[in-house]
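The structure appears below as structure tokens.
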Amino acid sequence: MGWRKPYSVKIADSLRTGPVKADKHVLVTSWDRGRLIALDDVDGSVAWQGVVRPAAALFTPAYLAGGSAWAVSRAGVLQGWDLDTGRRLAGTHEGLLWDPNIQGIPRLQGDVFYVVTRNGGRQAISLGTAE
């Protein structure tokens, strides 16, 4: 891989998670407008933006599984987007409320998303593929 020209792009007023590299994109979750933003890895231009439904800030970094990216909103909804098209995937999981200061940030192992909720419940959700 050769040298790349650095770039800087403002994509949101508030970011609370780090970027995630996904093939030809760099994914960033936005707190202020509840979006998953896919930047072109070469020049930083916005390739696509995934809108969160219902509207809420994204609470986690992007999680990658099977050609898709997933994130959890502050409303406790896990939702995914196709990495190639940016289209939101049909399946969502609701009720995933936790305090990151107490339970930490959920983990992804393989294609299984693990989260401990505020009420002490532990959930393991298979993200499978985006097909």
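This chain uses plain numbering: 1 for the first residue, then up along the sequence.
- Of all heavy-atom pairs spanning F59 and R74, the tightest one is CB-N, 4.1 Å.
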In residues 87-95, what donor-acceptor pairs under 3.5 Å come from side-chain atoms, sequence neighbours left out?
none

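- In plain terms, the two heavy atoms of T117 and Q103 that are nearest each other are O-NE2, 3.7 Å.
- Closest approach of S73 and A56 over heavy atoms only: CB-CB, 3.9 Å.
- Of all heavy-atom pairs spanning P106 and V115, the tightest one is CG-CG2, 3.6 Å.
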Show your reasoning for whether side chain to side chain contact (heavy atoms under 4.5 Å, CB included) applies to V28 and I11. CA-CA 9 Å; V28 181; I11 53 175; 3.7 Å; yes
Apply side chain to side chain contact (heavy atoms under 4.5 Å, CB included) to the pair L96 and V77, showing each step before the final yes or no. CA-CA 6 Å; L96 300 176; V77 178; over 6 Å; no
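- Shown here are the side-chain hydrogen bond (donor to acceptor under 3.5 Å, both in side chains) partners of T17, two or more places apart in sequence or in another chain: T29.
- When the side chains of ILVMFWY residues are joined at heavy-atom separations under 4.5 Å, either directly or via intervening members, V116 and L127 end up in two distinct hydrophobic clusters.
- Nearest heavy-atom pair, S30 versus I37, reported as atom, atom and distance to 0.1 Å: CB-CD1, 4.0 Å.
- The hydrophobic clustering, which links ILVMFWY residues whose side-chain heavy atoms are closer than 4.5 Å, places I105 and L97 apart.
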Start with the C-alpha distance between R35 and V52, add both sets of side-chain angles, then the distance that settles side chain to side chain contact (heavy atoms under 4.5 Å, CB included), and finish with yes or no. CA-CA 6 Å; R35 296 172 293 149; V52 176; 5.7 Å; no
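- Closest approach of H25 to W48, counting heavy atoms only: CE1-NE1, 3.9 Å.
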Output, in order, the C-alpha distance, side-chain angles, deciding distance and verdict of side chain to side chain contact (heavy atoms under 4.5 Å, CB included) for F113 and R107. CA-CA 6 Å; F113 179 76; R107 301 277 181 224; over 6 Å; no
